[in-house]
Amino acid sequence: MQNHKVASILQQVADYLELDGVDFRTKAYRRAAHTIETLSVDVADMQKQGKLEELPGIGKHIHEKIEEILETGNLEYLENLKSEFPLDMDALMQVEGLGPKKIKLLYQELGIKNLDDLEKEAKRHHIRRLKGMGTKTEAEILQNIEFARKSIGRQLLGDVLPLAIEIKQRISTLDTVDQVQIAGSIRRRKETVGDIDILTVTQHPDEVMDYFTQMDLVGEVIVKGHAKSTVRLYNGMDADIRVFKESDFGSAMVYFTGSRELNIVLRKIALSKSMKLNEYGVFQEDVRLAGQTESEVFRALGLDYIPPELRENTGEIEAAQRGKLPELVDYNDIKGDLHIHTNWSDGKSSIWEMATKASGMGYEYLAVTDHTRLPVARGLDEERLTQQMNEIDQINEEMETITILKGAEVNLDSYGNLDISSDILRELDLVIAAVHYDLRQDPEKINERISRGLENEHVDILAHPTGRKLKERQPYKLDIENLFQKASESGTILEVNSQPKRLDLKDIHVKMATEYGCQLVVNTDSHHTSDLSYMELGVSTARRGWAEKKDIINTLPIKKLLKVIS
DNA sequence: GCCGTTTTCGGCCCGACTGTTTTCAGTCG
């Protein structure tokens, strides 16, 4: 599967074209890159079937470029652009305030190719001499270089969401604030986020701005105005706050939730109906048609309400026009967690503690699935598994509010065999199979290994199917479509793992899997009672993958669930 | 470079802010 590679090359072409001031062709390449990146099928398959040009934003020329990438792994066009501008685009673009135009000017006038060159020339005061630059720009650049160097990039949703909620709660304590909401990619629950966007309604903007910029979470204030302020938080992440009128709040939420791609299409739709859409409302001539609520804004454009998690312009707008949006699985639909660890292996909490917490969350059931054998995780052998089953029997007798299921997270060895004997596996309610070592196998081996696991009669669930860890490691080199095909044939359930670093399957894979007819389960893989709350991240990942309640087995009441995993 | 319920050619989302200007270009979201 080469979708990501193809998209990345097209994106780079756009970056370099932008240097040259090429406007609309740049946009065309970005649009094509977005189409490929979010495609829920293999771009190579589309190409073989001659269907590439049916995709939005892909015409004759980009079709040819994609063919070249698929055949040769490279794109000559991009290589030529690179040799014309031999500079570190990525790094320079990280410097706030520098865009393609200024980068080109700096390269042509001063030969600046990277951050080191940039720093040198700024310190020599050469930059202020250039047209359109001045002392302020030069000082700004020097200041921002340091930040660009240690730029942490996008952070994990799971790390940022609690911080955003904290800020929202603090602002909502102000008497003068009528409404406060989180917008941006956090609201869309994207797996990584670049900043925190907060929108408010208040009659006293200055008071809110003072409070926001003086919070103890703030490292430095970047901009402070009456309608908008930006701060850099202690952890290096930027947070924006904006003030709107009550009557505009819906259109502001649509606009600042994005995505950017969705906004562009919404505005085109408005234009096609001779309306105008901006963050202050929907207008026709000078008459205001909508703006107070999001639903009202969508309705004015002839669309059903689109849940934030779907707002990526990957087909949801067309679905909303035809009244065909999916009924997404809801956070309250989840009836239990089927993948957790306890202090029997590498977890920190006891079975009793985990069950008590889960019961408090309103769950009907909880499956205890400690590691087997894995030495680093103090994994269980047959004997200890048996002891653990006895303890679970006891706790089940004492606890009336929740049913604890007996399970295990069993290792797939390098050939796809399980490391616990069938006699014991047969006694368990639930068997999860997972790859935990020998991760860098060749595609052929890892595919065979996982296929064997899926075909094993004892295996109910495949945990974290691709093995990726955000900002840490690549997925296994597996053929994902083969995996979905096999899983749908064998009826093995695929996990959406809710750990902030994993979110595996990820959103577009969730969509692919359901299109193959696979059943899914959303699990937390908790190692502590506090991890159980990660469920929300998994559910939002499933929602981003268009999953409905019927696709997720842990939305079932216990009797039906037991039939599925029996 | 893509695309069409006005269009096969002439458009391509919109507004705020900043620093540099003396009416605007570049950047950002």
Side-chain angles (χ1 to χ4, degrees), chain A residues 10 13-14 16-35 52-66 77 92-106 127-141 143-144 183-188 193-199 222-230 238-244 248 251-283 301-302 311 313 317 321:
Chain A
L10 295 176
V13 169
Y16 282 99
L17 286 176
E18 207 160 22
L19 270 187
D20 236 351
V22 181
D23 192 9
F24 294 113
R25 211 175 338 143
T26 305
K27 287 201 171 78
Y29 273 93
R30 289 210 195 288
R31 183 166 178 222
H34 178 256
T35 297
L52 271 185
E53 284 187 39
E54 291 172 18
L55 296 172
I58 294 173
K60 182 165 169 284
H61 288 93
I62 293 187
H63 178 181
E64 287 170 7
K65 303 270 191 307
I66 294 175
Y77 184 45
L92 291 170
M93 287 290 286
Q94 284 294 316
V95 180
E96 201 171 339
L98 283 193
K101 298 281 157 55
K102 285 184 184 165
I103 291 174
K104 184 185 179 188
L105 184 72
L106 290 167
I127 289 177
R128 62 176 66 174
R129 297 183 200 156
L130 301 181
K131 190 166 182 282
M133 308 277 197
T135 53
K136 275 199 162 178
T137 310
E138 193 176 75
E140 190 78 357
I141 285 175
Q143 243 196 350
N144 288 335
S185 53
I186 300 181
R187 182 159 181 249
R188 303 200 311 278
V193 298
D195 64 0
I196 297 175
D197 291 299
I198 306 278
L199 302 193
I222 294 174
V223 188
K224 188 180 169 194
H226 303 293
K228 179 198 162 175
S229 295
T230 301
D238 287 356
D240 286 347
I241 192 166
R242 289 181 174 77
V243 172
F244 286 90
D248 304 344
S251 39
M253 282 297 283
V254 170
Y255 182 72
F256 285 103
T257 298
S259 63
R260 188 188 167 79
E261 287 77 13
L262 174 118
N263 285 341
I264 291 172
V265 178
L266 292 188
R267 288 177 182 212
K268 278 187 191 162
I269 291 174
L271 283 179
S272 74
K273 296 176 185 285
S274 61
M275 300 181 207
K276 189 176 84 166
L277 169 68
N278 58 30
E279 54 266 54
Y280 304 107
V282 184
F283 304 89
L301 299 175
R311 299 185 197 171
N313 187 29
I317 297 173
Q321 280 171 328

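Quick note on labels: first sequence line is chain A, next is B, and so on, each numbered from 1.
The NZ-C1' distance, from A:K60 to B:dC2, rounds to 13 Å in whole Å. Spacing between atom NZ of A:K273 and atom P of B:dT5 amounts to 12 Å, rounded to whole angstrom units. Atom-to-atom, CZ of A:R30 to C1' of B:dG29 comes out at 14 Å; the value is rounded to the nearest Å.
Partner assigned to B:dC2 is B:dG11, using Watson-Crick or G-U wobble distances below 3.5 angstrom.
Between the side chains of A:D240 and A:T230, a donor-acceptor pair is found at a separation under 3.5 Å. A donor-acceptor pair shorter than 3.5 Å can be found between the side chains of A:R187 and A:T257.
Spacing between B:dT8 and B:dG4 at atom C1', rounded to whole Å, works out to 8 Å. Taking atom P in both B:dT22 and B:dG29, the straight-line distance is 28 Å, to the nearest Å.
Sorted by first and then second residue, the salt bridge (charged side-chain N to carboxylate O under 4.0 Å, His left out) pairs involving residues 269-281 of chain A (not counting sequence neighbours) are A:R267-A:E279. The salt bridge (charged side-chain N to carboxylate O under 4.0 Å, His left out) analysis of residues 93-103 of chain A, with sequence neighbours excluded, yields the pairs A:E96-A:R232.
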Indicate every side-chain donor-acceptor pair of residues 54-62 of chain A with a distance under 3.5 Å to a residue at least two apart or in another chain.
none

Mind listing the N/O atom pairs, protein and nucleotides 20-27 of chain B, below 3.5 Å?
from	atom 1	to	atom 2	distance (Å)
B:dT20	OP1	A:G134	N	2.7
B:dT20	OP1	A:G134	O	3.4
B:dT20	OP1	A:T137	N	3.4
B:dT20	OP1	A:T137	OG1	2.8
B:dT27	OP1	A:G99	N	2.7
B:dT27	OP1	A:G99	O	3.0
B:dT27	OP1	A:K102	N	3.0
B:dT27	OP2	A:K101	N	3.2

Which protein N or O atoms sit under 3.5 Å from an N or O of nucleotides 14-16 of chain B?
from	atom 1	to	atom 2	distance (Å)
B:dC14	O4'	A:R267	NH1	2.1
B:dG15	OP1	A:K276	NZ	3.1
B:dG15	OP1	A:N278	ND2	3.3

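For A:E140, the side-chain contact (heavy atoms from CB on, under 4.5 Å) partners at least two apart in sequence or on another chain are A:Q143, A:N144.
Across all strands, A:V265 comes closer than 4.0 Å to no nucleic acid atom at all (heavy-atom distances).
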Exercise. Check step by step if salt bridge (charged side-chain N to carboxylate O under 4.0 Å, His left out) holds for A:E18 and A:R30.
Key: CA-CA 11 Å; A:E18 207 160 22; A:R30 289 210 195 288; 2.6 Å; yes
